[in-house]
Amino acid sequence: MAIQTQTYFLNLGPQHPSTHGVFRVILELDGEVVVRAIPVPGYLHRGVEKLAEARTYTQVIPYTDRLDYLANMLMNWGYVEAVEKLMGIEVPERAQYIRVIVGELSRIASHLMAIGSYAGDIGGLTGFLYTFRDRERILDLFEMLTGSRMTVSYFRIGGVADDLPEGFIPLLQKFLADLPGLCDEYDGLITGNEIFQARTKFVGVIPPEKAINYSLSGPNLRGSGVNFDLRKNRPYGIYDRFDFEVPLGKNGDCFDRFVCRMKEMRQSARIIQQALDGLPEGPIQAKVPKVIKPPVGEAYTEIESSKGIFGCYVVSDGSNKPYRVHFRRPSFINLGCLAELCVGWKIADVIAILGSLDIVLGEVDC
Amino acid sequence: MFGKGLIKGLQITWREMLAQKVTVQYPDEQIPLPDRYHGRFELDADKCIACMLCANACPNKVIQIERTRVGKKQYLTKYVMRIEYCMFCGLCVESCNQDALRFSKVFNMNQYFRSRVRLTLADRPAPAEEPAEEAGSEQEAKKKAPAPKKPAGAGSEAAAGKS
């Protein structure tokens, strides 16, 4: 660098559309180049973990919707899985299948949001509208199933709240049939776009070792080429029965993380199709006492959410309210590497890097 | 060739331009709502046995119930939902054994004043008769009961319609 100029600070956020919520990054800049980035989360902190201590086990479920509100079914799942482990409840087959169907739908909805908003971050707002148009179909399905579009509160300890309504499966089949075509459309519109590629390829590279050291998970980890997916490596629920691939990236740059999500949507559709084909009849709710009082003890479970590994830790003191609930939120942990990733890149690339990590502030701040 | 991707993207947008619209002109047209839609609550006060299950199921203590004992049974006198705290999770409706509490498809519940947000689903005097005349008084109460309830519901509906 020929000319050394005085560095200055620039506040990115908290109210900035490209930070995907209320998230602040303090950037120390040398001209346009980032010298230091200090992420400041916490603007959306609602104290869900503390609130859970004053609620009964079932009453916590609506709060988990509000963690990662883009993949709400998966958040429900992570929590009920922990309580079920604590109580030793066996979930009926049909409920398991329904969980997989809605969970994977949620994953697709979350990834649609991720790729759409990423296209918007890069400067192509058109892509955002396309993915939103199709995400709407998933939300309509959820509305039909649960009555709510986003805050579904659908999972219950020991099963699910309601059976699939009439007309749900044909609509879902139609969506699944359309999805590959829609993905091709996004590929043509966003992935194949040269400007998009120029903005994202070899930007914000995370080598595999660093990804592991930063404890990244989900598409961010797999984008770096590390083959780790809980659904494959440590199957929970009935994931061991499905045939699907885990898409991997090569370079670990923003583009690979993006492409991983694109490919994962197609795999999720495959899983849903298999689950629909194997959907058994039967009860959707295990026999659970009316007042849920798990035995004294603790349980920790992990599921593969759309953002990464979502863990839930529940401690019971034998009463009808959890003594302590803790959520391992993948978005928050994935965000850890942001400060290091941004250094040396220009301001516009900071937006590209942040977008590629796909954070949801409801989950980061909890 | 550089620019091939751009041309392909443009083709897609051109195709979309001629495709059918996915949005509707909202106030004039409305998308049909599913049966399970979580809209405003409805209470059939005559079915309600004031068992407090819904109030206890609520994560946010939204439901406030006042009841009195008439003969051997509990009698619901007031049912107020502090709807400003409601998450519309549906745990109350799920907990109701009597099918008294339900969701309706009314979704425009916005009000100009915070004080009007509160949803009074039942507000009725308890029949002051002795248990011997219970049957008669209950009949009377049933006739009377919807009377104070209706203006509240109609009022908020009208206000919702305006906004």
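All values reported here derive from a predicted model rather than from experimental measurement. A note on names: the letters A, B, ... follow the listed sequences, proteins ahead of strands, and every chain is numbered from 1.
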Ion pair A/D178/A/K174, N-O distance below 4.0 Å = yes
Side chain / backbone / both / neither for B/T13 at chain A, heavy atoms under 4.5 Å | both
Identify whether the distance between the nearest side-chain nitrogen and carboxylate oxygen of A/D187 and B/K8 falls below 4.0 Å.
-> no
Examine whether an atom of A/T146 lies under 4.5 Å from a heavy atom of chain B, and if so say whether it belongs to the side chain, the backbone or both; otherwise answer neither.
-> backbone
Using a cut-off of 6.0 Å, state whether more than 12 heavy atoms not belonging to B/L10 lie near its atom CG.
-> yes
Under 4.5 Å heavy-atom distance to chain A, tell me which part of B/P34 shows up: side chain, backbone, both or neither.
-> side chain
With chain B, the option among A/G188, A/S148, A/A54, A/G192 that has the most non-hydrogen atom pairs under 4.5 Å is A/G188
The interface call for B/N56 against chain A, heavy-atom contacts under 4.5 Å, is backbone
Strictly by modelled atom types, are B/R40 and B/S104 linked by a side-chain donor-acceptor pair under 3.5 Å?
-> no
For the rings on A/F258 and A/F196, is their centre-to-centre separation under 6.0 Å?
-> yes
Taking 4.0 angstrom as the limit, do B/R36 and A/E143 come out as a salt bridge?
-> no
Looking at side-chain heavy atoms only, is the closest gap between B/K105 and B/D35 below 4.5 Å?
-> yes
Does any heavy atom of chain B fall under 4.5 Å from the side chain of A/L51, the backbone, both, or neither of them?
-> neither
Looking at B/Y75, does the NZ or CZ of B/R124 lie under 6.0 angstrom from its six-membered ring centre and within 45 degrees of the ring axis?
-> yes
Do B/F103 and B/F41 have ring centroids that are under 6.0 Å from one another?
-> yes
Before accepting this row, confirm whether a basic side-chain N of the pair A/E84/A/R99 lies closer than 4.0 Å to the acidic partner's carboxylate O.
-> yes
Does a donor on one side chain sit under 3.5 Å from an acceptor on the other, for A/T64 and A/N76?
-> yes
So, the side chain of B/R69 versus the backbone of B/K72: is there a donor-acceptor pair under 3.5 Å, distance only?
-> yes
Are side-chain N/O atoms of B/N60 and A/Y63 paired as donor and acceptor at under 3.5 Å?
-> yes
Engaged part of A/R66 at the chain B interface, taking heavy atoms whose separation is under 4.5 Å = side chain
Which residues in residues 118-138 of chain A have any heavy atom lying under 4.5 Å from a heavy atom of chain B?
-> A/T126, A/Y130, A/R133
If you round to the nearest 0.5 Å, how far is CZ of A/F142 from CG of A/L105?
-> 5.0 Å
Chain A interface, residue from B/P59, B/G90, B/G9, B/S95 that has the most non-hydrogen pairs under 4.5 Å = B/P59
Could you look at B/I31 and say if it's the side chain, the backbone, both or neither that has a heavy atom under 4.5 Å from chain A?
-> neither
Segment of B/Y37 engaging chain A (4.5 angstrom heavy-atom cut-off) | both
Anything in residues 155-168 of chain A with a heavy-atom distance to chain B below 4.5 Å? Please list those residues in order.
-> A/R156, A/A161, A/D162, A/D163, A/L164, A/P165
